[in-house]
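Just below is one structure, and these are the notes that go with it.
Whatever order the structure lists ligands and atoms in, that order sets their numbers, starting from 1. All figures in this text were calculated on a predicted structure; none of them were measured in a lab. In what follows, every heavy atom counts, from backbone to side chain, and hydrogens, waters and symmetry copies are set aside.
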Amino acid sequence: MHILFACPRHDAQQWLPGLQAALPDVKFSVWDESGKPTGAQIALVWQPPASLFTHETGLKTIFNLGAGVDAILALPTLPRDVRIVRLEDAGMSAQMTEYVIHALTSITRNFGEYARRQSDHGWTTLDEVPRSQWSVGVLGLGVVGARVATTLAALEYPVAGWSRSQKTVEGVRTYCGKEGLADFLGATRVLVNVLPLTDETRNMIDGALLNQLQPGAIVINVGRGASLVEADLLAALESGQVRAAALDVFQTEPLPADHPFWSHPRVSITPHIAARTLREETIAQLAAKLSQIARGESISGVVQRDRGY
Ligand code: NDP
Ligand code: OXD
């Protein structure tokens, strides 16, 4: 078996020893646009260049070293018959949950304000709004969203979740489809977006949606930046409909230096790190799936192109 490592944003030398140790019989090559096509049938990719598929025409399966496949599906050169397999959790749901708890408690427990006051050496106790009044709504109840939702429910926040198909998630009130969205939003004060970016979710979080949240809402976006209309969020912050936002993903990444989010006092920004791809867990998942394929078994995590995730 021959696997091509085609992740221009990852250092191949950090990945190859672990890959080779887990898959000793596999030959690995590293993507080199100027070299001859390798003839590999499998590629490991993260935000691959469009030229990958015109150069390497033998590819049958690509493993995405991340959960979201929007960047791959957007490539005009992507052949129709290539199977795309995405990363399923591999340590990302725990990281994402940490991120959301941090963003949420910075506000609900005043941790952000206490951190700001430390420089004044002030020993002041701030009033807290009880967690029963911070109803959380998680957009997307997949591998990552469901973990975020159940963990917050275990911390006794009231939690609702929204997905495309109806889901049962312990401790979480679930809603689905366009018909369930208004009730979900009306019950939500803290909106957490963990949706994939698809034609349906692009620019979905706009002014009209934000206005349906409970007033003084918090917006936490860890899904994809292109799901959020940034100008509408700024307007909602201005009006007070949204009280604060924690954003990990943006319409344009890196976030342009002159973007108003950078200096907004109620917006906190991280550079798309809410859940990072962990090498060890990722390689273990890849090796397990390749063994399943070799045994003729079906694998999970195969992207359904028609729905876009
Ligand atoms: P999954 O595919 O497991 O889950 C996706 C969820 O979104 C499902 O519950 C699905 O519904 C729901 N969904 C999709 N489209 C719609 C729609 N039109 N209406 C309602 N619900 C919809 O993905 P993951 O949980 O693994 O990851 C989710 C996303 O998180 C990734 O695609 C990526 O964009 C983002 N991400 C961001 C990271 C970061 O560092 N910021 C890291 C990792 C992921 P259903 O269950 O019915 O199919
Ligand atoms: C992912 C990401 O989709 O890191 O895995 O954004």
Side-chain angles (χ1 to χ4, degrees), residues 7 9-10 44-48 63-74 84-100 102-103 137-151 159-169 172 174-185 188 191-205 209 219-228 246-251 253-255 268-279 281-282 285-286 300-309:
C7 308
R9 287 161 188 260
H10 288 300
L44 308 184
V45 305
W46 178 247
Q47 301 183 340
F63 283 90
N64 185 44
L65 299 190
V69 291
D70 44 292
I72 299 172
L73 295 180
I84 304 167
V85 185
R86 73 185 191 89
L87 204 57
E88 296 174 283
D89 197 341
M92 287 191 288
S93 72
Q95 296 176 74
M96 199 68 105
T97 304
E98 288 173 335
Y99 186 99
V100 172
H102 173 79
V138 181
L139 288 169
L141 285 177
V143 177
V144 177
R147 176 90 184 257
V148 170
T150 50
T151 309
V159 182
W162 185 72
S163 51
R164 214 165 66 117
S165 55
Q166 183 60 46
K167 292 268 175 301
T168 304
V169 181
V172 178
T174 53
Y175 301 81
C176 72
K178 287 195 176 114
E179 59 290 356
L181 187 59
D183 287 344
F184 164 84
L185 295 170
T188 295
L191 185 72
V192 181
N193 177 40
V194 201
L195 287 168
L197 178 64
T198 67
D199 290 345
E200 289 177 10
T201 64
R202 185 178 298 280
N203 293 327
M204 178 186 151
I205 306 173
L209 184 148
V219 173
I220 301 173
N221 190 15
V222 286
R224 281 291 181 266
S227 292
L228 173 71
L247 308 173
D248 182 56
V249 287
F250 302 90
Q251 290 274 357
E253 294 179 9
L255 184 65
S268 57
I269 287 170
T270 45
H272 199 142
I273 50 73
R276 306 184 75 178
T277 295
L278 303 178
R279 267 201 301 280
E281 289 82 345
T282 301
Q285 188 171 113
L286 171 72
S300 61
V302 177
V303 171
Q304 292 181 32
R305 297 251 200 132
D306 54 341
R307 61 177 203 183
Y309 67 99

(Q) For atom 33 (C) of ligand 1, tell me which residue out of Arg224, Gln304, Gln166 has the closest non-hydrogen atom. (A) Arg224

(Q) Among all protein heavy atoms in this structure, tell me which lies nearest to atom 8 (C) of ligand 1, with the distance rounded to 0.1 Å. (A) Gly142 N, 3.6 Å

Q: With the side chain counted from C-beta on, respond yes when Thr277 and Trp46 share a heavy-atom pair under 4.5 Å apart, and no when they do not.
A: no

Q: For residues Trp162 and Thr174, determine if any side-chain heavy atom of one lies less than 4.5 Å from a side-chain heavy atom of the other.
A: no

Q. Do any nitrogen or oxygen atoms of Ala67 come within less than 3.5 Å of a nitrogen or oxygen of ligand 2?
A. yes

**Q.** Nitrogen or oxygen atoms of Gly66 and ligand 2 under 3.5 Å apart
**A.** no

Q: For Gly223, take its heavy atoms, then give the atoms of ligand 1 lying under 4.0 Å from any of them.
A: 34 (O), 35 (C), 37 (C)

Q: Counting heavy atoms only, name the option from Arg86, Glu200, Glu88 that's nearest to atom 26 (O) of ligand 1.
A: Arg86

Q: Between Trp162, Tyr309, Tyr175, flag the one that comes closest to atom 2 (O) of ligand 1 by a heavy atom.
A: Tyr309

Q) To the nearest 0.1 Å, how far is atom 37 (C) of ligand 1 from its closest protein heavy atom, and which atom is that? A) Val222 O, 3.1 Å

Q | Contact with ligand 1 for Met204, non-hydrogen, under 4.0 angstrom | A | no

Q: Find all atoms of ligand 1 within a distance of less than 4.0 Å from any non-hydrogen atom belonging to His272, and give their numbers and elements.
A: 39 (C), 40 (O), 41 (N)

Q | Contact (N/O only, under 3.5 Å) between His272 and ligand 2 | A | yes

(Q) Here's a test for you: under side chain to side chain contact (heavy atoms under 4.5 Å, CB included), which of Val144, Asp248, Val192 qualifies with Met96? (A) Val144

Q. Identify the closest protein heavy atom to atom 22 (C) of ligand 1: which residue and atom is it, and at what distance?
A. Leu195 CD2, 3.5 Å

Q.
Regarding ligand 2, does Arg224 bring an N or O atom to under 3.5 Å of one of the ligand's N or O atoms?
A. yes

(Q) Tell me the contacting part of Val144 for ligand 1: side chain, backbone, both, or neither, using a 4.0 Å heavy-atom threshold, strictly below. (A) both

Q: May I ask you to check whether over 12 heavy atoms, not counting those of His272, lie within 6.0 Å of atom NE2?
A: yes

Q) In terms of atom number and element, which parts of ligand 1 are under 4.0 angstrom from non-hydrogen atoms of Ala275? A) 39 (C), 40 (O), 42 (C)

Q: Name all pairs fulfilling the side-chain hydrogen bond (donor to acceptor under 3.5 Å, both in side chains) condition that reach into residues 84-95, sequence neighbours left out, sorted by first residue then second.
A: Glu88-Lys289, Glu88-Ser300, Asp89-Ser93, Ser93-Arg147

Q: With heavy atoms only and a cut-off of under 4.0 Å, state how Arg164 meets ligand 1: side chain, backbone, both or neither.
A: both

Q) What protein heavy atom sits nearest atom 7 (O) of ligand 1, and how far away is it? A) Pro196 CD, 3.3 Å

Q. Going by atom types only, do Tyr309 and Thr201 share a side-chain donor-acceptor pair under 3.5 Å?
A. no

Q: For ligand 2, note which part of Arg276 has a heavy atom under 4.0 Å away: side chain, backbone, both or neither.
A: neither

Q: Check each heavy atom of Lys167 against ligand 1 and say whether those closer than 4.0 Å belong to the side chain, the backbone, both or neither.
A: side chain

Q: Report the part of Val249 (side chain from C-beta onward, or backbone N, CA, C, O) that has a heavy atom under 4.0 Å from ligand 1; answer both or neither where that applies.
A: side chain

Q) Any idea which of Arg202, Met92, Arg307, Met96 brings a heavy atom closest to atom 36 (N) of ligand 1? A) Met96

**Q.** Gln95 touching ligand 1 at heavy-atom level, < 4.0 angstrom
**A.** no

Q: Find the distance between CD1 (Ile72) and CZ (Arg305) and round it off to the nearest 0.5 Å.
A: 9.5 Å

